[in-house]
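When reading the values below, keep in mind they use all heavy atoms of this one structure, side chains included, and skip hydrogens, waters and symmetry mates.
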Amino acid sequence: MTEISEQTDNEQGDPEEASIQDNPENPYGCPVTDSHGQTVLHPQHDQYQALIETLKEEGYAVCVDLCGADYMGNDSRTLPSSVSPERFEVIVNLLDVGAARRLRIRVQIPETSPCIPSISDIHPGAEAMEREANDMFGLQFEGHPDPTPILLPDGWEGHPLRKDFSMGRIPVQFKAVEGR
Amino acid sequence: MTKLDHLRNRDAVLRMSETEAEERASVVDPDDERMIINMGPQHPSTHGVLRVTMELQGETVLRSKPVIGYLHTGMEKTAEDLTYLQGPTNVTRMDYASPLFTELTFSLAVESLLEVEIPDRATWIRMLMCELNRMSSHLLFLATNGMDLGAVGMMIYGWREREEVLRFFEKVTGLRMNHNYIRPGGVAADLPDGWREDIQSILDVLPERLEQFDVLMTGQPIWRERTQGIGVITTEEALALGATGPILRSTGYAWDLRRSMPYLAYDQVDFDIVVGTYGDTFDRYAIRLNEIRESMRIVEQCIDLMPDGPYRTEDRKVTPPPRARIDESMEALIHHFKIFTEGFKVPPGETYSAVESPRGELGCYLVSDGGPKPQRMHIRAPSFVNLQTLPHMMHGGLLADAIAVISSIDPIMGEVDR
């Protein structure tokens with residue numbers, strides 16, 4: 001089985017300083033890897049929103065999917081050397097319907113401050129998906145118009161898809177019906 | 001003003017916390033006569049447990065918000081506790097009207113990580129079964145859509161025709177629904193003897209029945225009055241909201257993964273993509289009705305072109321040894337036992353697979369840490385994303401039309417909530 005190929009040669013410097021125009025070989029200014037024939041971009045946290053916007057102008061106009069992932073206890077992950085692994089990831093799947101091509105974006109999100117800018121301004125369709133990621137992983141999307149629970153009941157404690165939230169840990173919480 | 005600003009400024013989405021909505025429920029605002037009402041989650045037309053909080057002015061729907069999660073059972077969490085072989089039993093319960101598609105997208109994702117080749121026959125069986133499933137799913141839509149709009153007889157006819165297809169599924173997979181038939185490595189069993197005749201009898205009876213549906217609904221003035229021009233959405237809106245499937249195609253945009261990004265053997269069969277013009281409820285109905293006809297064309301070609309050969313991969317890593325080997329070899333028995341108890345290990349990595357389900361793009365994002373169970377399994381459910389178009393479609397329409405619009409999105413709540 002082939003490992004995810006690493007492309008580290010053009011990101012040796014401080015990744016914070018790499019802007020989108022900086023590197024002629026790589027138009028996105030962030031490491032690009034290939035995972036089973038699919039292109040994956042690894043932007044830094046602060047490049048994320050601008051990158052989504054740039055890509056939208058380039059034709060990736062549909063945000064097909066956005067989800068979170070928790071890598072707690074998973075050491076098998078292969079990342080480009082300039083990307084420092086964090087516990088959480090947000091994975092965005094973009095689709096270019098004109099050219100029939102896809103692109104995936106993986107952003108690292110530290111456990112200490114699980115925040116990331118919301119892209120629902122750029123892709124309104126991401127709104128429900130970001131609410132779901134917030135429910136499941138406790139990732140906060142800054143600037144989200146409606147950061148309420150979507151799949152979980154109001155007032156639910158904990159984030160079920162986190163690896164330290166074990167199955168059957170707590171009984172199902174139901175909201176008390178008032179006045180009855 | 002760009003198209004996107006238009007979407008935002010129209011103020012169609014009700015962004016209100018549940019507490020505030022409860023406080024204001026059924027109270028008429030004396031100034032502008034606005035009121036909030038709740039529809040569902042136990043409303044017969046909402047196809048399961050969908051609740052819609054709506055802001056009304058008189059009978060006009062201003063803003064609305066689909067409230068979901070009533071069927072949430074944490075299936076993505078469950079998937080992390082099941083081996084890759086058990087995985088399809090879990091995902092098949094998401095979209096219960098078209099279970100084979102979820103099994104397919106999950107299996108494609110696992111196979112992409114394993115990098116195993118699937119035999120031709122398995123590919124064609126998958127395609128055949130999925131197209132039959134698309135027919136049964138759309139027939140179910142016709143039944144519920146008809147009932148929602150008052151063509152109650154349609155409820156019986158749609159279910160009756162769907163049952164013909166499910167009867168064939170039962171013969172092949174052992175179950176009418178939740179088949180666990182498409183598995184990583186191929187399919188669970190070969191097609192039974194006489195499958196061609198069984199399918200042919202379905203294909204013989206359906207065209208005539210579809211023409212009856214045309215008489216019953218398509219051409220009827222009452223049906224057209226209730227659906228034409230209702231719940232209109234534009235291509236730009238649909239793309240911005242991530243809507244796919246019949247909703248996107250109803251706007252006239254011919255996007256179908258089977259054609260645009262072919263998987264299985266869809267590049268080897270002839271079929272047309274059905275598109276609408278106005279993006280209204282009628283177009284979405286007509287697209288699904290005619291997609292049944294296109295699926296029948298694909299099924300016919302599958303009957304003719306079905307190759308011979310194994311129905312699952314010969315790769316012993318994924319497929320247990322044949323029964324005869326188990327009788328003579330201890331190692332084969334151990335191997336068989338290990339595959340079903342421990343499961344097979346999948347190399348570390350992550351992948352995304354997508355198929356065109358009857359509702360739109362159905363994707364599976366899979367992360368493996370090298371063990372026999374997924375580290376993360378996410379299903380990109382088309383109904384979940386498509387529901388976001390609901391407030392935009394209902395905005396400015398009448399409350400009575402809300403039923404028609406919800407029905408035309410054809411959400412399957414098992415898939416929305418997962």
Against chain A, label [X] side chain, backbone, both or neither, depending on which of its atoms sit under 4.5 Å from a heavy atom there.
{"X": "Leu257(B)", "answer": "side chain"}
{"X": "Thr244(B)", "answer": "neither"}
{"X": "Val416(B)", "answer": "backbone"}

Do the side chains of Thr78(A) and Glu350(B) get nearer than 4.5 Å, heavy atoms only?
no
How about Tyr253(B) and Val97(A): do any of their side-chain heavy atoms sit closer than 4.5 Å?
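A side-chain contact under 4.5 Å exists here.
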Euclidean distance, [Y] [atom2] relative to [X] [atom1], rounded to 0.5 Å:
{"X": "Ile150(A)", "Y": "Ile68(B)", "atom1": "CD1", "atom2": "CD1", "value": "4.0 Å"}
{"X": "His36(A)", "Y": "Ser353(B)", "atom1": "NE2", "atom2": "OG", "value": "12.0 Å"}
{"X": "His378(B)", "Y": "Asn93(A)", "atom1": "NE2", "atom2": "CG", "value": "8.0 Å"}
{"X": "Phe137(A)", "Y": "Arg376(B)", "atom1": "CZ", "atom2": "CZ", "value": "4.0 Å"}
{"X": "Arg131(A)", "Y": "Gln388(B)", "atom1": "CZ", "atom2": "CD", "value": "9.0 Å"}
{"X": "Gln375(B)", "Y": "Asn74(A)", "atom1": "CD", "atom2": "CG", "value": "4.0 Å"}

Measure [X] against the heavy atoms of chain B and call it side chain, backbone, both or neither at under 4.5 Å.
{"X": "Arg162(A)", "value": "backbone"}
{"X": "Pro160(A)", "value": "backbone"}
{"X": "Arg77(A)", "value": "neither"}
{"X": "Glu132(A)", "value": "side chain"}
{"X": "Ala61(A)", "value": "backbone"}
{"X": "Met129(A)", "value": "both"}

Starting from the C-alpha separation in whole Å, work towards a yes-or-no answer on side chain to side chain contact (heavy atoms under 4.5 Å, CB included) for His123(A) and Leu241(B).
CA-CA 7 Å; His123(A) 296 289; Leu241(B) 291 165; over 6 Å; no
Any side-chain donor paired with an acceptor under 3.5 Å for Asp135(A) and His72(B)?
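Judged by distance alone, the side chains do not pair up.
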Out of Asp417(B), Thr351(B), Thr78(B), Asp81(B), return the one with the most heavy atom pairs under 4.5 angstrom to chain A.
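Between Asp417(B), Thr351(B), Thr78(B), Asp81(B), the count favours Thr351(B).
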Using side chain to side chain contact (heavy atoms under 4.5 Å, CB included), reason through Trp255(B) and Leu95(A) one step at a time and then give a plain yes or no.
CA-CA 12 Å; Trp255(B) 177 260; Leu95(A) 177 65; 3.7 Å; yes
Should we say atom CD of Glu58(A) is surrounded by more than 12 heavy atoms from elsewhere, each under 6.0 Å from it?
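More than 12 heavy atoms, drawn from other residues, nucleotides or ligands, come within 6.0 Å of this atom.
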Cationic N near anionic O, under 4.0 Å, Glu361(B) to Arg102(A):
yes
Which heavy atom of Ser76(A) sits nearest a heavy atom of Asp369(B), and at what distance?
OG-CA, 3.2 Å
Going through the checks in order, is the side chain to side chain contact (heavy atoms under 4.5 Å, CB included) test met by Glu76(B) and Met136(A)?
CA-CA 10 Å; Glu76(B) 290 182 5; Met136(A) 297 301 157; 5.6 Å; no
Begin with the C-alpha distance, continue with both residues' side-chain angles, and end with the deciding distance and a verdict on side chain to side chain contact (heavy atoms under 4.5 Å, CB included) for Asp65(A) and Tyr352(B).
CA-CA 10 Å; Asp65(A) 188 29; Tyr352(B) 179 81; 4.1 Å; yes
